[in-house]
Amino acid sequence: MTYSRILGTGSYLPDHILTNAELAERVETSDDWIVSRTGIRQRHIADDAEKTSDLAVRAAEVALANAGLDKSAVDMIIVATTTPDMVFPSTACIVQEKLGIPGCAAFDVQAVCAGFVYALATANGHIKTGLAKTVLVIGAETLTRIVDWEDRRTCVLFGDGAGAVVLGASDEAGVLHAKLAADGRHQHILNTPAQIVGGKIEGIPYLHMDGPAVFKFAVKALADIAEKTLAEAGLDKSEVDWLVPHQANLRIIESTAKHLGLPMERVVVTLPEQGNTSAASIPLALDAAVQDGRIQRGQTVLLEGIGGGMTWGAVLLRF
């Protein structure tokens, strides 16, 4: 049987950092208010000249280098993003052109903050069925560009960045199980309800979130899918070495860890320094823990995320 395994990880964060104190000069808020409710202390903001594809390329190049592979080995590119460069072509096609590897399959996945687990599960399926051998899976966002900077409920939450993994065919088990879910009945609690019609933007082009509703939904959904993923893989909660969750809110992360019986020392948290980077947050956190040596080869890692749609999912893997 062919398995898929992470061969390398990479990440990129824009140079510009916006602290809570600086944000408090632009909107009625404070560092204490933001930290106590979210756990966030700062976020990275893409330069005006940086597009989502630029961030994705930087992360992909690092992942390829860490995997010890030349870019010519890539036969598929999947980009998870909710902030593409343009309506079309896909950001993945633009990334492909910038990397200089024409010909391989390239497409985007749109599942907002759950986008990376959706993309990783999709890549795993392609490798296991023989449709691909080496897949670049990237989560990249410039989410600060769809934030209303006068809305203190949302503008304090988000940041920009990109994370990537190289997923390759292997005779050694890597991805153990993946489980995805969605419920469109809850689309109204987290969305950006705009579209281009007749050359104009129709609808509100800013991110909208019903915070309490999202929090309530996320806590239950993430606990449920973590439990089901482990059960279907035949693993006990105690066998999980690391939890790498979507970095949305510290209280949601703590709730998920408690449900799994994991101490926070075994949970990768990048939220204070990066904010919520949507589809980029899981691969950014994964790469941080790989690079600093926390996550080691052979350890069991659970990735999980939830986003607008509502969409959510988990990927259980042996790193």
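Just so you know, residue 1 is the first one in the sequence shown, and it goes up from there.
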Mark yes or no for whether [X], through its side chain, and [Y], through its backbone, hold a donor-acceptor pair below 3.5 Å.
X: Arg43; Y: Leu18; result: yes
X: Gln187; Y: Gly184; result: yes
X: Thr229; Y: Ile225; result: yes
X: Asp108; Y: Ala80; result: no
X: Arg266; Y: Val240; result: yes
X: Thr142; Y: Arg145; result: no
X: Gln299; Y: Gln296; result: yes
X: Lys71; Y: Leu64; result: no
X: Asp75; Y: Cys104; result: no

Quick one: are [X] and [Y] in side-chain contact, heavy atoms under 4.5 Å?
X: Val244; Y: Ile295; value: yes
X: Leu143; Y: Thr82; value: yes
X: Ile94; Y: Pro89; value: yes
X: Ile77; Y: Ile101; value: yes
X: Leu136; Y: Ile78; value: no
X: Met264; Y: Val269; value: yes
X: Leu302; Y: Asp241; value: no
X: Ile138; Y: Val95; value: yes

According to side-chain hydrogen bond (donor to acceptor under 3.5 Å, both in side chains), who are the partners of [X], at least two apart in sequence or on a separate chain?
X: Glu50; answer: Tyr12
X: Asp151; answer: Arg153, Thr154
X: Asp54; answer: Lys98
X: Asp236; answer: Ser238

Between [Y] and [X], is there a side-chain donor-acceptor contact under 3.5 Å, judged purely by atom types and distance?
X: Glu141; Y: Ser278; result: yes
X: Thr144; Y: Asp160; result: yes
X: Thr38; Y: Asn249; result: no
X: Glu239; Y: Thr300; result: no
X: Gln274; Y: Thr277; result: no

Using the side-chain contact (heavy atoms from CB on, under 4.5 Å) rule, pick out the option among Leu190, Asn191, Ile189 that qualifies with Met209. Leu190
With Pro245 as partner, the option from Val267, Ile252, Leu222 fulfilling side-chain contact (heavy atoms from CB on, under 4.5 Å) is Val267
Closest non-hydrogen atom pair, [X] against [Y]:
X: Lys128; Y: Thr2; answer: CG-O, 3.7 Å
X: Ala24; Y: Ser30; answer: CB-CA, 4.2 Å
X: Ala140; Y: Ala162; answer: CB-CB, 3.8 Å
X: Ala46; Y: Leu55; answer: CB-CD1, 4.5 Å

Looking at [X], I'd like to know if its [atom1] atom is crowded, meaning that more than 12 non-hydrogen atoms belonging to other residues, nucleotides or ligands lie closer than 6.0 Å.
X: Ile204; atom1: CD1; value: no
X: Arg297; atom1: CZ; value: yes
X: Asp171; atom1: CG; value: no

Report the C-alpha distance between Thr81 and Gln110 in whole Å, list the side-chain angles of each, state the deciding distance to 0.1 Å, and finish with yes or no for side-chain hydrogen bond (donor to acceptor under 3.5 Å, both in side chains). CA-CA 6 Å; Thr81 186; Gln110 163 59 301; over 6 Å; no
Which pairs with one or both residues in residues 188-221 pass ring-ring contact (aromatic ring centres under 6.0 Å, His included), sequence neighbours excluded? His186-Phe217, Phe217-Trp312
For residues 40-74, which residue pairs qualify under ring-ring contact (aromatic ring centres under 6.0 Å, His included), counting only residues two or more places apart or in two chains? none
Looking at Lys179 and Glu232, does any basic side-chain N land under 4.0 Å from a carboxylate oxygen? yes
